[in-house]
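Structure first, commentary second.
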Amino acid sequence: MQVKTTKTLCPICNGMLEGRILEEDDRIWIERTCPDHGHFRDVYWSDAGLWHKFEQYETLGRGVENPNVIAQPDCCPAYCGLCNYHKSGTLLANIDLTNRCNLDCDFCFANAQACGFRV
């Protein structure tokens, strides 16, 4: 069942595409078709119920007051970063204060040891 549409990117050429968000088998999927690279279907959220819970907070932001790049409308996604077309803000920020992480925090999903940061 289609839930909504969205703007998305081709995972090969980064071309902007229309995407479909679908709910199927208690998962949320994203589908898009690039004219040059074909059809892609990926799990967007592995838990549809949790996605619906988070989706109730979706809102279009007002953008950033100090964009790093002033882009033309047809430049996305070539001007990666905070451009004048970014409308969302930070929802989750991870700030690593030290490289001596012991991975003991209850909320941690980082894998510091795999990155070579664990001392």
- So do H52 and E23 actually touch side chain to side chain, heavy atoms under 4.5 Å? yes

- Item | Smallest separation among heavy atoms of L9 and M16, with atom names | CD2-CA, 4.0 Å

- Message: Has D25 got a side-chain atom pairing as donor or acceptor with R27's backbone, closer than 3.5 angstrom?
- Response: no

- Query: Would a hydrophobic clustering, with Ile, Leu, Val, Met, Phe, Trp and Tyr connected at side-chain separations under 4.5 Å, put W45 with V3?
  - Reply: yes

- If Ile, Leu, Val, Met, Phe, Trp and Tyr residues are connected whenever their side-chain heavy atoms lie under 4.5 Å apart, and connections chain through other members, are L17 and I30 in the same group? no

- Would you say W29's side chain and E24's backbone share a donor-acceptor pair under 3.5 angstrom? yes

- Mind checking whether F54 and I21 sit in one hydrophobic cluster, side chains of I, L, V, M, F, W, Y counted as touching below 4.5 Å? yes

- Message: Do Y44 and F40 land in one hydrophobic cluster if side-chain heavy atoms of ILVMFWY residues count as linked below 4.5 Å?
- Response: no

- Do the side chains of I28 and L50 join up, straight or via other hydrophobic residues, at under 4.5 Å, putting them in one cluster? yes

- Query: Hey, is the main chain of R41 close enough, under 3.5 Å, to the side chain of R32 for a donor-acceptor pair?
  - Reply: no

- Task: Would you mind checking if K7 and E18 are paired as a salt bridge, meaning a charged N to carboxylate O distance below 4.0 Å?
- Result: yes

- Task: Flag yes if more than 12 heavy atoms outside K4 fall under 6.0 Å of its NZ atom; otherwise flag no.
- Result: yes

